There are 2 protein chains.
Amino acid sequence: METILVVEDEEPVRELVSVYLRREGFRVETAEDGEKALAMLRSFVPDLILLDLMLPKLDGWTVCKEIRKNLTVPIIMLTARGEEFDRVFGLELGADDYITKPFSPREMVARVKAVLRRAKLAGSQNDVLCYPGLLIDRNACRVEAWGQEIQLTPKEFDLLWFLASHPQRVYSREQILEQVWGYEYPGDSRTVDTHIKKLREKLKNPGSKNYIVTVWGKGYRFGVTE
Amino acid sequence: METILVVEDEEPVRELVSVYLRREGFRVETAEDGEKALAMLRSFVPDLILLDLMLPKLDGWTVCKEIRKNLTVPIIMLTARGEEFDRVFGLELGADDYITKPFSPREMVARVKAVLRRAKLAGSQNDVLCYPGLLIDRNACRVEAWGQEIQLTPKEFDLLWFLASHPQRVYSREQILEQVWGYEYPGDSRTVDTHIKKLREKLKNPGSKNYIVTVWGKGYRFGVTE
DNA sequence: GAAATTTTTCATATTTTGTTCACAGGTTGG
DNA sequence: CCAACCTGTGAACAAAATATGAAAAATTTC
């Protein structure tokens, strides 16, 4: 399910937008100001961001710029009719579309879907995940770590792909088995450990943090933690 | 299929309500007084409760309060026209809606559906909780306090999530054990104290009130107090 | 079908968590 | 102001989860 982050300070607007998006089957998270939005983005990445231009503390421009430093997630700007919105400037900052308030909920939903469709199209072309020092190519089944191509076995590759394509999120061994091995895998869930170990060995680089992090009592997570 | 528990002492009304609800595809269970209802709730949890205000043995108020100690299941109150129903008081007790007798079956069904829809919407809850200076992400199993990521153990995380997702509400140690540890945990309830202590240590911030508040003789509560 | 590779299992060592308990320190109500 | 009753704290101990290494089983390759 796709998740949309709504950044909007006015509670009624936030509610309205959330209700309509949820009705369309999206998962919705909300933040009432820019600081909270940026904080939230440190721990999860939505599929799209609806960003109000006029926000307390940090305005929409700044938030947008900040987001673009790290993420390529699609952003739709919300602007009040009076506010001047320089489309070119907006696009320069990396916004993908904008909606003028007051807007009809149906229009809003339509635009969200359009942007998502566009993003998915662009995204599906490259089955390549790219992280600092790590390149995973699904088409070629190749992995390059710290400039060196490394050889992974099929299971190792599938596991790495699964984790790396859902960064930051924690998965239990059972969930990993289900997703990577297939439904209702009967075997021992400690098998995952072994594969994780081998992956870590192969991805290891002196002086760099490990990409695959153990979350004690919960499972594993892919992501840079510092 | 959704199950509805009807708590009503008058047999004809019980029948009427049941028939109409079943016709709409609900599974219906009935209880003719408050004690029986509470007993039933110990072994199963319906998706909604229709609760008559006027009941033998335990009146509806008491039953409602009792239910709310443990469950967040939606409750619709049934009141006779003459009975004074203080809407505010009812909602304080945690009722989600009320219907005045005599009611049309169609109205009753409509209200049941409306409340269920609302509940489902609310149930697709955020996986990220956000309070001033505190961010809790359930997917990533991460907590950020005052801009710094903090490391929590599994139990600490589960406990914090439970408390933070029911802010302001007081839970006894027993209730916490039941909710966070699992039903009928056999051990010492003072274990909770230890975990609370560790949480407070980790969440502590000079100059800020503690999020986890002790309610003397009752238990603990999550909330900003000032 | 044998060799090589990959995957799984399992026992052990290691690390991290969870629980208990005793005592100190507060709070309440008579 | 005292007795009874809660809660906070720290440390010892128990329990649980993970890392590891090696060997067995399964699969693929030649």
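Every chain is numbered from 1 and lettered A, B, ... according to where its sequence line falls, protein lines coming before strand lines. Owing to the predicted nature of the structure, the values given are computational and were not obtained by experimental measurement.
F157(B) comes within 4.0 angstrom of nothing in the nucleic acid, heavy atoms only. Nucleic acid contact class of T191(B) (heavy atoms, under 4.0 Å, all strands): base.
Heavy-atom nearest nucleotides on DNA chain D were determined for R190(A) and for K197(A), and the one closer to the 5' end corresponds to R190(A). Residues I196(A) and G217(B) each lie close to DNA chain D; by heavy-atom proximity, the contact nearer the 5' end of the strand is made by G217(B).
Remark: W181(B) is in phosphate contact with dT19(C), judged by side-chain N or O atoms under 4.0 Å from OP1 or OP2. Distances shorter than 4.0 Å separate none of the side-chain N or O atoms of H195(B) from OP1 or OP2 on dT17(C). The side chain of R173(B) contributes an N or O atom lying less than 4.0 Å from OP1 or OP2 of dT7(D). Phosphate contact (OP1/OP2 of dG8(D), side-chain N/O of Y220(B), threshold under 4.0 Å): present. Taking 4.0 angstrom as the limit, T194(B) places none of its side-chain polar atoms (N or O) nearer than this to OP1 or OP2 of dG10(D). A sub-4.0 Å separation between OP1 or OP2 of dC6(D) and a side-chain N or O of T214(B) is absent.
Of the possible polar contacts, one joining the W146(A) side chain to the L203(A) backbone as a donor-acceptor pair under 3.5 Å is found. With hydrogens and angles disregarded, a donor-acceptor distance shorter than 3.5 Å links the side chain of Y131(B) to the backbone of A164(B).
Using a cutoff of 4.0 Å between basic side-chain nitrogens and carboxylate oxygens, E144(B) and R142(B) are not scored as salt-bridged. By the 4.0 Å N-to-carboxylate-O rule, D158(B) lies close enough to K218(A) to be salt-bridged with it.
In this entry the distance linking NZ of K198(A) with P of dA22(D) reads 12 Å, nearest Å. The CG-C1' distance, from D188(B) to dT7(D), rounds to 13 Å in whole Å. In this entry the distance linking CD of E156(A) with P of dT7(C) reads 6 Å, nearest Å. Taking atom CG on N210(A) and atom P on dT18(D), their separation rounds to 16 Å, with Å as the unit. R200(A) has its CZ atom 12 Å from the C1' atom of dT20(D), to the nearest Å. The CD-P distance, from E201(B) to dT17(C), rounds to 14 Å in whole Å. Distance, K218(A) NZ to dA16(D) P: 16 Å, rounded to whole Å. Atom pair L152(B):CG and dT16(C):C1' shows a separation of 14 Å (rounding to whole Å applied).
By the 30° and 60° cut-offs, the orientation of the rings of W181(A) relative to H195(A) is perpendicular.
With distances taken from any side-chain atom of W216(A) to the nucleotides dT28(C), dT16(C), dT6(C), the minimum falls on dT16(C).
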